[in-house]
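Structure first, commentary second.
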There are 6 protein chains.
Amino acid sequence: MARPATSPAPEPPYYLPSGDEIEVFAQCHAQGLAVMLKGPTGCGKTRFVEHMAWRLKRPLITIACHDDLSASDLIGRFLIQGSGTAWHDGPLTRAVREGALCYLDEVVEARQDTVVVLHPLTDHRRILPIDKTGEVVEAAPGFGLIVSYNPGYQRMLKDLKPSTRQRFVALDFGFPAPETEARIVAQESGIAEPEARALVQLATRLRALQDRGLAEVPSTRLLVAAAQLAVRGVDLRRACLHAIVAPLSDEASLVGAMRDLVDATFV
Amino acid sequence: MARPATSPAPEPPYYLPSGDEIEVFAQCHAQGLAVMLKGPTGCGKTRFVEHMAWRLKRPLITIACHDDLSASDLIGRFLIQGSGTAWHDGPLTRAVREGALCYLDEVVEARQDTVVVLHPLTDHRRILPIDKTGEVVEAAPGFGLIVSYNPGYQRMLKDLKPSTRQRFVALDFGFPAPETEARIVAQESGIAEPEARALVQLATRLRALQDRGLAEVPSTRLLVAAAQLAVRGVDLRRACLHAIVAPLSDEASLVGAMRDLVDATFV
Amino acid sequence: MARPATSPAPEPPYYLPSGDEIEVFAQCHAQGLAVMLKGPTGCGKTRFVEHMAWRLKRPLITIACHDDLSASDLIGRFLIQGSGTAWHDGPLTRAVREGALCYLDEVVEARQDTVVVLHPLTDHRRILPIDKTGEVVEAAPGFGLIVSYNPGYQRMLKDLKPSTRQRFVALDFGFPAPETEARIVAQESGIAEPEARALVQLATRLRALQDRGLAEVPSTRLLVAAAQLAVRGVDLRRACLHAIVAPLSDEASLVGAMRDLVDATFV
Amino acid sequence: MARPATSPAPEPPYYLPSGDEIEVFAQCHAQGLAVMLKGPTGCGKTRFVEHMAWRLKRPLITIACHDDLSASDLIGRFLIQGSGTAWHDGPLTRAVREGALCYLDEVVEARQDTVVVLHPLTDHRRILPIDKTGEVVEAAPGFGLIVSYNPGYQRMLKDLKPSTRQRFVALDFGFPAPETEARIVAQESGIAEPEARALVQLATRLRALQDRGLAEVPSTRLLVAAAQLAVRGVDLRRACLHAIVAPLSDEASLVGAMRDLVDATFV
Amino acid sequence: MARPATSPAPEPPYYLPSGDEIEVFAQCHAQGLAVMLKGPTGCGKTRFVEHMAWRLKRPLITIACHDDLSASDLIGRFLIQGSGTAWHDGPLTRAVREGALCYLDEVVEARQDTVVVLHPLTDHRRILPIDKTGEVVEAAPGFGLIVSYNPGYQRMLKDLKPSTRQRFVALDFGFPAPETEARIVAQESGIAEPEARALVQLATRLRALQDRGLAEVPSTRLLVAAAQLAVRGVDLRRACLHAIVAPLSDEASLVGAMRDLVDATFV
Amino acid sequence: MARPATSPAPEPPYYLPSGDEIEVFAQCHAQGLAVMLKGPTGCGKTRFVEHMAWRLKRPLITIACHDDLSASDLIGRFLIQGSGTAWHDGPLTRAVREGALCYLDEVVEARQDTVVVLHPLTDHRRILPIDKTGEVVEAAPGFGLIVSYNPGYQRMLKDLKPSTRQRFVALDFGFPAPETEARIVAQESGIAEPEARALVQLATRLRALQDRGLAEVPSTRLLVAAAQLAVRGVDLRRACLHAIVAPLSDEASLVGAMRDLVDATFV
């Protein structure tokens with residue numbers, strides 16, 4: 001039921017490219033440059049990293065960043081064991097030693113101390129100093145650092161420092177083109193093409209609501225969830241209300257506007 | 001006196017459906033989609049989850065979220081044991097391994113780091129990475145993640161991030177229709193139907209006070225408590241004052257308005 | 001010099017009822033409903049709980065709540081012992097297992113995580129899940145949960161959440177009627193009835209100062225303290241200054257107004 | 001070089017009473033009432049407690065309160081010892097068990113959790129519950145609780161809660177009358193009476209500066225320090241500048257005004 | 001794969017001096033004066049320190065400062081080991097004992113307690129007191145302390161205290177002159193001189209945008225990254241967009257202005 | 001390479017007195033009075049304490065205060081050792097036991113709990129209670145407490161409490177008279193007298209800039225650093241820019257004004 005964190009995906013994860021992102025990522029990896037994926041929630045950044053790990057034949061270690069992720073959570077710590085303590089590598093250290101891809105999801109959520117430990121891995125040194133043991137680990141060949149970042153959030157107090165940003169080559173992600181997105185929805189849910197296209201049409205209309213107060217627009221993931229319910233027999237309109245409208249907002253006026261768009265799409 | 005946390009309820013917990021929530025929940029569970037229950041305090045969300053666990057024949061693990069619930073509280077920790085330390089699964093990890101339903105009550109109260117550990121369980125990966133051991137646990141068949149959320153609270157500073165919300169199919173809960181609610185009150189307390197209907201009538205009037213400053217309107221649970229006291233011989237009017245009015249507010253003017261409504265209901 | 005925390009009081013603690021609080025409390029206990037005692041400092045809430053514990057023949061465990069009371073302080077923790085760690089029940093867990101009354105004094109002072117662990121004990125489940133051991137303790141027959149709460153404090157930032165309040169039947173406490181209060185003062189201090197009545201008269205006048213800036217009005221407890229000093233030979237006027245006026249305020253104008261009332265009462 | 005914390009002072013600490021404080025304190029002690037000493041810095045509160053401990057023949061345990069004083073610092077904690085952990089009483093617990101006077105200096109500095117643990121010791125229960133061991137310690141005969149409190153500080157955010165204040169009989173302390181204060185200065189420093197009186201005259205003039213921005217006025221302690229330097233040959237004017245003026249303020253205008261008063265006093 | 005933290009670089013790190021910084025640094029080192037390097041992100045401060053360590057034949061220990069770097073992280077701590085605890089030197093202590101250069105990168109990010117432990121190392125004492133062991137370590141010959149500091153950040157709340165600043169001789173760093181910078185870009189990436197010069201020309205134009213809201217201007221490091229991608233076949237214009245423009249800002253207007261400059265540079 | 005913290009300086013540290021500070025300090029020490037040294041950065045307070053320790057033949061223990069210095073850091077703590085824990089004295093406790101001078105540098109930086117533990121050492125009791133062991137350590141003969149304090153900082157939120165200030169005799173420190181300061185610079189750096197006098201002249205001019213926004217004026221220490229560089233061959237003007245101007249400010253206008261004064265001084 002459990003597999004080691006660093007095993008590469010056994011088969012190619014489904015990913016439809018929308019630009020030169022595969023080429024640039026591959027060249028960054030070859031040159032030892034760290035990569036930042038910029039884009040909204042659920043537009044395929046995680047899937048892209050899984051795809052690239054498979055393509056580059058590197059194990060992948062993913063770390064979801066949050067307020068309380070400490071440097072020790074990344075690097076490792078001493079644990080009491082038998083008589084005395086033994087050092088246990090954290091996920092970043094494992095990735096550095098094994099030459100894995102290390103993906104820090106939503107890096108802006110992490111505390112500064114977590115971000116700062118990445119610095120010596122992102123310049124010509126490519127090292128990870130472990131202060132607690134005095135060891136300096138040089139990155140194994142194949143190691144790559146990737147972070148994701150959602151510039152859509154308006155967060156005054158939480159932003160990457162310029163001195164951190166300048167350590168990454170950045171790839172911009174957006175939602176796929178409608179035709180592409182419909183193909184993804186159909187592929188992932190098993191829904192018929194016309195319904196998939198209608199869902200994408202609805203998404204396009206909903207995404208236009210961002211200027212009217214919607215905190216974030218619906219991701220491809222939401223469309224797939226609605227489609228999955230519909231495939232199992234839930235009425236498509238109700239599936240959209242449960243899987244797309246209700247998750248997006250609690251405000252009556254916004255919910256009403258979204259319901260109207262659902263009705264308009266599925267007359 | 002104690003039973004393991006994950007045993008399913010031995011008999012069907014009483015639940016009166018008010019829409020398609022049973023069907024949608026079941027389909028979400030079949031498709032591996034996480035579910036968010038939105039609705040006010042005491043409207044039956046917890047009971048609904050118990051009912052669905054019984055219906056789907058899955059064990060249920062409930063976790064009450066709060067400010068200090070850490071990721072380790074969910075996932076597990078090392079405990080000193082004999083010589084050295086041994087890993088102890090937390091309730092979420094147990095649910096993931098055993099294919100149980102895991103219900104996080106009032107998820108918005110949890111810290112961001114707690115919420116973020118749910119992410120890889122809510123997309124196509126369905127995994128729980130345990131950083132401290134390096135293990136990646138794949139969700140056992142039957143595992144389902146459910147969170148509850150009360151959109152009624154006006155909390156500026158505490159809200160689910162959009163990137164979290166978009167990971168759930170949402171079911172809206174409200175108070176049951178009057179006829180249904182009266183049947184629930186009578187069933188749970190043993191009070192006669194006419195008194196049960198009068199209590200629901202009082203609740204309807206009190207719920208109209210929300211615009212006049214009542215922080216939250218009376219739940220079905222309060223009606224049942226008043227009915228329980230009345231069944232044991234406490235005067236019904238006084239039972240309402242103790243079990244409904246006094247818990248709802250300390251403000252003299254609001255309390256006065258509520259007392260008037262109690263008097264008007266039980267002349 | 002020390003007795004176990006849960007032994008019931010050996011003899012009936014002195015308590016003069018002022019309404020139906022004894023009946024309602026007893027019925028709540030019989031029905032498994034949790035109780036909230038609302039009222040100002042020193043009006044007899046603690047004494048009432050001790051009286052009810054004696055009346056219902058249940059052990060009583062009292063917990064003074066404060067900012068730093070953690071969920072572990074209530075539920076228990078692992079302590080290092082010999083080889084390895086052993087679990088030690090906290091006071092709430094002991095009460096749940098032994099069917100004791102558990103009284104959380106000034107519950108609003110506790111952190112949210114402390115309050116939230118009470119939730120599953122206050123609805124139909126009547127269970128206490130212990131996450132750290134995976135045990136779910138069902139409340140033993142006789143267990144009762146009581147909290148106290150002083151609505152007089154104007155605390156913007158610290159209030160019970162509605163979802164918590166709706167889990168309790170509430171009993172309103174105020175100061176006793178003058179005749180009753182004088183009898184209590186005489187009984188507790190050994191002072192003669194006329195002086196006791198004069199002290200209550202002073203208290204009534206001082207309590208009228210609340211609108212003029214007194215943060216809290218004098219409790220019965222302060223009257224008893226002044227009476228105790230007077231019984232031991234301290235001049236009654238000076239006893240009032242030391243035991244009633246000085247504890248209530250440091251502001252010169254308020255202290256002056258109170259001294260005038262003392263002088264007017266004991267010419 | 002070290003003596004146990006609880007031994008009473010071997011000889012009567014020098015203390016000149018200025019009112020009925022000795023009688024009221026003694027009666028409070030006899031009646032088991034807790035005492036609050038209110039007054040400015042260095043006016044003799046600590047000395048008074050030492051004097052009363054000697055008079056009542058009780059050991060004295062003094063605790064300086066501060067922001068980080070936790071309940072465990074007062075009550076005790078488990079310490080790792082040989083195989084397993086052993087409980088170690090804190091200073092409050094020792095005082096309760098031994099029937100000592102326990103003096104919490106500047107109690108308003110302590111955190112709420114520290115203050116709250118005092119509550120059950122200050123009412124009819126006179127107990128100290130130790131949650132971590134489940135023990136309830138009844139106060140031994142002779143135990144007395146004393147706190148000090150400086151109402152002069154204007155601290156918006158830090159004040160004793162009314163529910164705490166009402167648990168103490170309060171004694172107001174001020175600076176001694178000039179004749180008394182001069183006698184104290186002479187006694188403590190060995191300086192001649194005329195110089196002692198001149199120092200007190202200077203203090204009276206400086207204390208009048210409070211309305212002009214002096215955060216706190218000079219205490220008797222400062223006069224004694226100046227006198228001690230003068231006795232050892234430091235010029236009295238310079239001794240006043242070093243021991244009285246410089247400690248009181250850094251502001252040039254205030255320092256200038258104080259220097260002028262020193263010059264005017266010692267022409 | 002790993003080498004001890006303190007080994008000097010085996011070969012001269014590439015560094016092009018732009019003033020008297022090598023001479024002044026060497027004299028500071030000879031005189032035991034601590035050095036502060038002031039300048040923007042990515043202008044070569046780290047490389048300069050590596051170069052000086054090689055030149056002075058001293059081992060180099062680099063510490064990236066951040067909010068959570070504690071004094072213990074620098075000095076060392078007790079770790080449980082076999083029976084009891086053993087002291088482990090931190091990186092600063094190791095540098096002090098071994099006479100290494102110790103480089104604290106972005107020292108302004110560190111907490112005050114971290115900075116304060118440096119003080120006795122920066123004056124005539126040249127000692128490091130280790131409070132936890134009672135040891136006072138005198139700096140070995142060759143020890144040197146270097147900190148870096150980016151004065152460009154406008155951080156109201158985070159600044160070095162004057163009493164800290166006055167403990168360092170400061171060297172100002174800026175971007176190299178265009179001719180020098182082009183040579184660095186060519187040397188580090190392998191790109192042809194004309195493209196290197198065009199990239200520097202672009203950087204000069206982009207750096208002029210600082211007054212229009214760019215938080216930080218592009219460093220030499222970004223130019224090298226763009227050049228590295230171009231050398232591997234990525235179109236130079238696209239390489240600039242990914243490696244220079246996207247990392248610098250998320251704001252549409254700024255990004256647009258920067259794209260225009262890229263287009264204007266590589267027509 | 002390391003010596004115990006408490007050994008007195010082997011030879012008289014160079015110190016030029018500027019008033020009666022040596023006599024007053026010696027008398028305070030003889031009388032057991034604590035001393036506060038008030039004055040700007042780098043004016044010789046630390047050197048003065050070292051000089052007095054040598055003169056009074058007492059060991060000296062110096063503690064640099066900071067935000068995170070806890071009471072335990074001063075007093076001591078239990079450490080795990082073999083079987084069980086053993087108490088380890090902190091630096092303050094060692095000083096108290098050994099009759100050393102204990103110097104707390106920049107005491108205003110310390111947390112309140114650190115400052116409060118000093119109180120019983122500064123009045124007639126001269127004791128240090130160690131709550132965790134129950135021991136009360138009486139100060140050994142020769143013990144002296146000294147704190148330093150820079151009143152120049154305008155820190156609203158961080159100031160010594162009046163009740164703490166009144167526990168010290170205060171000595172005001174300023175920069176030495178020009179003739180004296182030039183002699184110090186020459187003595188410490190080996191520079192010729194004329195250059196030393198020119199440096200002091202520059203310092204006098206720079207110190208006049210305080211009203212124009214300079215956070216702190218240059219200390220004698222900065223003059224010595226510039227002189228040290230010049231003695232080793234660095235051009236005196238450039239030495240002043242690196243060692244005096246650059247450390248003092250990052251603001252272009254202030255730096256420009258200071259450069260002009262450097263040019264004017266060394267034409």
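Every chain is numbered from 1 and lettered A, B, ... according to where its sequence line falls, protein lines coming before strand lines.
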Contact class of F:Val255 relative to chain E, heavy atoms under 4.5 angstrom: neither

Segment of F:Leu248 engaging chain E (4.5 angstrom heavy-atom cut-off): both

side-chain contact (heavy atoms from CB on, under 4.5 Å) between E:Arg125 and F:Thr46, intermediate numbers included: CA-CA 10 Å; E:Arg125 294 173 289 174; F:Thr46 297; 4.1 Å; yes

Inter-residue atom distance [X].[atom1] - [Y].[atom2], 0.5 Å rounding:
X	Y	atom1	atom2	value
F:Ser189	E:Gln31	OG	CD	9.0 Å
E:Asp20	F:His242	CG	NE2	4.0 Å
E:Asp123	F:Arg221	CG	CZ	5.5 Å

Looking at side-chain heavy atoms only, is the closest gap between [X] and [Y] below 4.5 Å?
X	Y	value
F:Glu50	E:His124	yes
E:Arg167	F:Thr41	no
E:Glu23	F:Val234	yes
E:Arg165	F:Glu216	no

Contacting moiety of E:Gln27, where chain F heavy atoms sit under 4.5 Å: both

E:Leu171 versus chain F, the contacting section by heavy-atom distance below 4.5 Å: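 Contact with chain F involves both backbone and side-chain atoms of E:Leu171.
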
Partner chain E: residue of F:Val231, F:Leu229, F:Asp235 with the largest heavy-atom pair count (under 4.5 Å):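 Between F:Val231, F:Leu229, F:Asp235, the count favours F:Leu229.
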
Heavy-atom pair of closest approach, residues F:Ala246 and E:Lys38: O-NZ, 2.9 Å

Neighbour count above 12 (heavy atom, 6.0 Å) for F:Arg259 CZ: no

Residues F:Ser219 and E:Gln166: side-chain donor-acceptor under 3.5 angstrom: yes

